[in-house]
Amino acid sequence: MDFIKGLNAQQREAVSHTEGPLLILAGAGSGKTRVITHRIAHIITARHIPPSAILAVTFTNKAANEMRERVAALLEDVPLESSPAVSTFHSFCVRLLRRDGDPLARIRPGFTRRFSIYDDEDQLGLIKAAYRGLGLDEKEFMQYRAALSRISHAKNVKETPQDLYKKAVNKENEALAALYEEYEKALRTANALDFDDLLLEAVRLLRHDEATREAWNRRLSYVMIDEYQDTNRSQYELMRLLSDSHKNVCVVGDEDQSIYSWRGADIRNILDFERDFPNSKTIRLEQNYRSTKNILAAAGAVVENNKARKGKKLWTEAADGDTIGLYAAYDAENEALFIADTIEKYMVVNPGDHVAVLYRTNSQSRQIEEALRRYGRKYNIVGGFSFYQRAEIKDIVAYLKLAASNVDSVSLLRVINTPARGIGRTTVEQIEKYAREHGINLWDAVERIIDDQHLSTRSQSALVLFRNLIQELSLVASSSSLADLIRHILDRTGYRRMLQQEKTPESETRLENLEELINAAAESAERGDTISDFLDHAALVADADAYDEQAPITLMTLHNAKGLEFPVVFLSGMELGLFPHSRSMDSEAALEEERRLCYVGMTRARKRLFLTWARFRRRFGGGEQERSTPSWFLSEVPAHLIQNLGVTDEPGEVNLIAERHDVRQSARRNTYTGKTYNSIENISQFFSEKGLPVNSLKTPPQVPPAPFSRPAAPNKPLTQAAPPVRKPARTGMTVEHPKYGTGTVVRREGDGDDAKITVNFPRFGLKKLVEKYAGLKRS
DNA sequence: TGATTGTTTGCTCCA
DNA sequence: CAAACAATCA
């Protein structure tokens, strides 16, 4: 088996150089995924290394799944008893802490493996409580998010609240230190870890617990890290700890594509690699296989304006290709229509090609969506408001977390009065005050306040009901399935009744979302997941994981587009203040990052690249249109590469199809509302792409213990359990549902286990069901 | 005291 | 165009 054939000289070198530290500087489109997958296959076959001794870390779950599948495809004919561990940093750390985290309790008192994971909304809840506790006001002090980002930064550079106190030079610094202290205390009393902690605590565990570290060092002999330019300090330390004994660490990255410094990514990790690993080898992949000469030249010309870079020159054997299209729209609406119109025309000629519309901020998607809908085009949107961020989902998940761990204060505050049960603001404030004064968590405070009985009778009884409810839920949680637990929550908390009484289209959607949550829970359980697996997965799904490469049109932010490629790319909103973003314009470093972001966006394109901006744009939903200035990045593209596609000084000056009367008429009749990728239809997909589980180090070393022991292609397991043979429901068929009674099938999507059918029940209206779990009978 | 209704306010990017 | 907040109602 030869995994070196078909590669260029540099790629070949990168694949075959397996021992010792290796830095691969891989330019955009230089075949880096190919190199990583071939390298893994090569190590396994040529060096006879068991796959489980290889760890590859990627940036998203999606990329991890893809990599696993590609390696499996390469090794199709090789009998293997395990598969390589491919994972993101965060999911790796969560699994490490959940399974082998016990020793951490010695170093970090209070830690248990049942910790909750707090996302940024939860963090916001904590910081608000900390403000309240310290009597701080967001308007007078600083914005919650600003405080959070300062705290996160401190954590990542290993500064404690005490360190901040010591170097504080004014009241504001001191207040921040106090906030930080409060915030950390709250995390610990709630037994919760934020996203920073997941990495930090994993590092702490490996650093201070020799047994765990040595076990991992014995297990792994090769570590590979993708998107290395976007790793932060803890990820760097994690890499060092995991490759401590063998030093076979291979990192792949491109300093020109470092776009996450605001999240703690430290570009020095890649710039200093050669210094950190003195006997390392560096290989540059500079041949681009993706884009035309023109696109590459344009992108290169932009990023050349950056000073902080190693400098590398991408080249290609591809043809010049088309010039870069530039369009100056009158306003955002016109820009969106231009994009939709150009796509429409392009699709006629190249029906199979996929298009990406990229933007800097999520809010820009709205108008583009609207334009595409007017053209009746299907589109997918990645990011924005995802399933797990919806209020109703977060509410139920909060109940689940609370049932699993009643010390989870953020979840408690979230649902203590949702649905309204008579526990109002003042009562909650009393609970918080009590907890603070006695140094206990909110749950204990609730119990003690009930015992003390110094609330009004009304509040007292409301609180008792709530306490009993949660106690009942934790009891149910220990004895029934996750799906049943969710159903129980919906019934017993009155959540379902609350939504049913509303009877608005929104409440209908919410109910459907909750049904989908139950379906996802059932599917998750069927794969053998525990409740905690389910909650972890919900916490760690990334927006980018929802990207569907089959989608003809995809809308997403530039950040989400990292690592992807498309025949046609639109870069929209190229205006000062928007891109580069106003908050990144006052520092040189931030501006350079915006420029790298621009470079990332441009290099996603294979054949056609369009840059658009709007001369007028309104900043808020309602406000006035404001005049805008074209982005500096536009003028950094050499003029000879640009083709001007029009400048409109008046709305509607350019003759778009959508401006024609007949198209408007038909658009009005067209009720198609696009396809939102974060819609409920895709939730089961999120779950089916679950990463492979890590075996605990505690498991006895019986049969070759693959650390990631599932078959390499999770979607097509070799030993697929034969599904119960059931006639698929067809459109028009009358079926019977255990709860909704009889109804008519109106639509059917997908097939096999994923088949979803929409059924019209006379009494309950349209319901979308996963056929496999709906328990339908023909009637 | 808690629930509901009106009013104001203010956009990064994300695991 | 939302969520967050203040003001009002029950």
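We name chains A, B, ... by the order of the sequence lines, and we start the count at 1 in each one.
Between Gln367(A) and dC1(C) there is no side-chain polar atom (N or O) within less than 4.0 angstrom of OP1 or OP2. Here Asn560(A) reaches the OP1 or OP2 of dC14(B): one of its side-chain N or O atoms lies under 4.0 Å away. Between Asn362(A) and dC13(B) there is a side-chain N or O to OP1 or OP2 distance below 4.0 Å. For dC13(B), neither phosphate oxygen OP1 nor OP2 lies less than 4.0 angstrom from any side-chain nitrogen or oxygen of Arg360(A). The side chain of Thr427(A) contributes an N or O atom lying less than 4.0 Å from OP1 or OP2 of dG2(B). The side chain of Asn417(A) places an N or O atom within less than 4.0 Å of a non-bridging phosphate oxygen (OP1 or OP2) of dA3(B).
Remark: C1' of dA15(B) and CG of Asp230(A) are 12 Å apart, rounded to the nearest angstrom. As a whole-Å value, the separation of Glu138(A) CD from dA6(C) P is 11 Å.
Nearest nucleotide to the side chain of Ser584(A), out of dA15(B), dT12(B), dA3(B): dT12(B). With distances taken from any side-chain atom of Asp543(A) to the nucleotides dT12(B), dG2(B), dC14(B), the minimum falls on dC14(B). Taking every side-chain heavy atom of Asp120(A) into account, dC14(B) is the closest of dG2(B), dC13(B), dC14(B).
Stacking between His581(A) and dT12(B) is present: the aromatic ring centre lies within less than 5.5 angstrom of the base six-membered ring centre, and the two planes differ by under 30 degrees. Judged by centroid separation below 5.5 Å and plane tilt below 30°, Tyr260(A) does not stack onto the base of dC14(B).
When each of Ile259(A) and Ala420(A) is assigned the nucleotide of DNA chain B with its nearest heavy atom, Ala420(A) is the one assigned upstream, toward the 5' end. For the pair Ser363(A) and Ser459(A), nearest-nucleotide mapping onto DNA chain B gives the more 5' position to Ser459(A). Ranked by how close their nearest DNA chain C nucleotide is to the 5' end, Arg366(A) and Arg425(A) are led by Arg366(A).
Between the side chains of Asn65(A) and Arg68(A), at least one donor-acceptor pair of N or O atoms lies under 3.5 Å. Side chains of Asp266(A) and Tyr236(A): a donor-acceptor N/O pair is absent below 3.5 angstrom, by distance only.
Gln235(A) comes within 4.0 angstrom of nothing in the nucleic acid, heavy atoms only.
Of the listed residues (Ile259(A), Asp254(A), Leu564(A)), just one forms a side chain to side chain contact (heavy atoms under 4.5 Å, CB included) with Val600(A), and that residue is Ile259(A).
Enclosure of atom CZ in Arg619(A) is not indicated, since only 12 or fewer non-hydrogen atoms of other residues, nucleotides or ligands lie within 6.0 angstrom.
The OH atom of Tyr118(A) sits 6.5 Å away from the NZ atom of Lys401(A) when rounded to the nearest 0.5 Å.
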